[in-house]
Amino acid sequence: AQSVTQLGSHVSVSEGALVLLRCNYSSSVPPYLFWYVQYPNQGLQLLLKYTSAATLVKGINGFEAEFKKSETSFHLTKPSAHMSDAAEYFCAVSDIRDDKIIFGKGTRLHILP
Amino acid sequence: DVKVTQSSRYLVKRTGEKVFLECVQDMDHENMFWYRQDPGLGLRLIYFSYDVKMKEKGDIPEGYSVSREKKERFSLILESASTNQTSMYLCASSSNYGYTFGSGTRLTVV
């Protein structure tokens, strides 16, 4: 069975600092991997996805993530945090055989002024 | 702009009521999904559907059923609402891993 573990339910960074949100996955087949963002009182929005092409994936709003098979990781980064990045972030995994996505428990990102 | 529309943003229902949560998409997607979202638990898959009149159980189907009579509409049904079903419910549709989510329905069962 596939699963996703997000390390840290809350992460705080200062405005302008590096954002690093950690995600490790478990999958018996080559995975598709995703990061979603949820702003307050809204649905989820896709930030980026990995579907077995380039291992470094660039997404919207300056975010990127790197697929590392040896570490079973797909960490999300952004070089410089902005106040508008404050939200909840979800890592998710799916396998190539179906369109069903399994989500992690989420990491709430707080930006300190 | 493509959309997934959930009919209600907030709902308050009484224990034992039959509750319908409606979801409509305008993207001609084959696949539709219902998740519930709870603090600290993330999103958990309740039911999904890959085609009209087709449904499959997700990870937490107990206490729920679904209906998909038309391609664009996927309904989640709580046959007899209970307080432990108080939650945020999110609908999504997808085509080739392009998931689009609705804004969610926050259901409170009292």
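Chain letters run A, B, ... following the sequence lines, proteins first and then strands; every chain starts at 1.
For B:D38, no part lies under 4.5 angstrom from a heavy atom of chain A. The part of A:Q38 that comes within reach of chain B is its side chain, from C-beta onward, which places non-hydrogen atoms under 4.5 angstrom from that chain. With a 4.5 angstrom heavy-atom cutoff, B:L45 touches chain A only via side-chain atoms. For chain A, the nearby part of B:R9 is the side chain; its heavy atoms alone come within less than 4.5 Å. If you measure heavy-atom distances from A:E88 to chain B, the contacts under 4.5 Å come from the side chain alone. Within the 4.5 angstrom heavy-atom criterion, only side-chain atoms of B:Q37, from C-beta onward, approach chain A.
In this structure, B:F101 has its ring center closer than 6.0 angstrom to the ring center of A:Y36.
Atom NZ of B:K71 has more than 12 heavy atoms from other residues, nucleotides or ligands within 6.0 Å.
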Discussion item. Run the ring pair (Phe, Tyr, Trp, His ring centres under 6.0 Å) test on A:F90 and A:F34 for me, step by step, so that the C-alpha distance in whole Å, both residues' side-chain angles and the decisive distance to 0.1 Å come before the verdict.
Written reply: CA-CA 8 Å; A:F90 293 92; A:F34 309 81; over 10 Å; no
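Nearest heavy atoms, A:M83 versus A:E15: CG-OE2, 3.3 Å.
Of the listed residues B:P39, B:G58, B:G104, B:G40, the one with more heavy-atom pairs under 4.5 angstrom with chain A than any other is B:G40.
At distances below 3.5 Å, at least one donor-acceptor pair connects side-chain atoms of B:Q6 with backbone N or O atoms of B:Y89.
B:Y47 and B:Y35 share no side-chain donor-acceptor pair at under 3.5 Å. Using a 3.5 Å distance cut-off with no hydrogens or angles, the side chains of A:Q42 and B:S103 do not pair a donor with an acceptor. With 3.5 Å as the limit, one finds no donor-acceptor pair spanning the side chains of A:H110 and A:S12.
Here the CG-CG distance, from B:L90 to B:L21, works out to 11.0 Å after rounding to the nearest 0.5 Å.
The interface of residues 54-82 of chain A with chain B, defined by heavy-atom distances below 4.5 Å, is empty.
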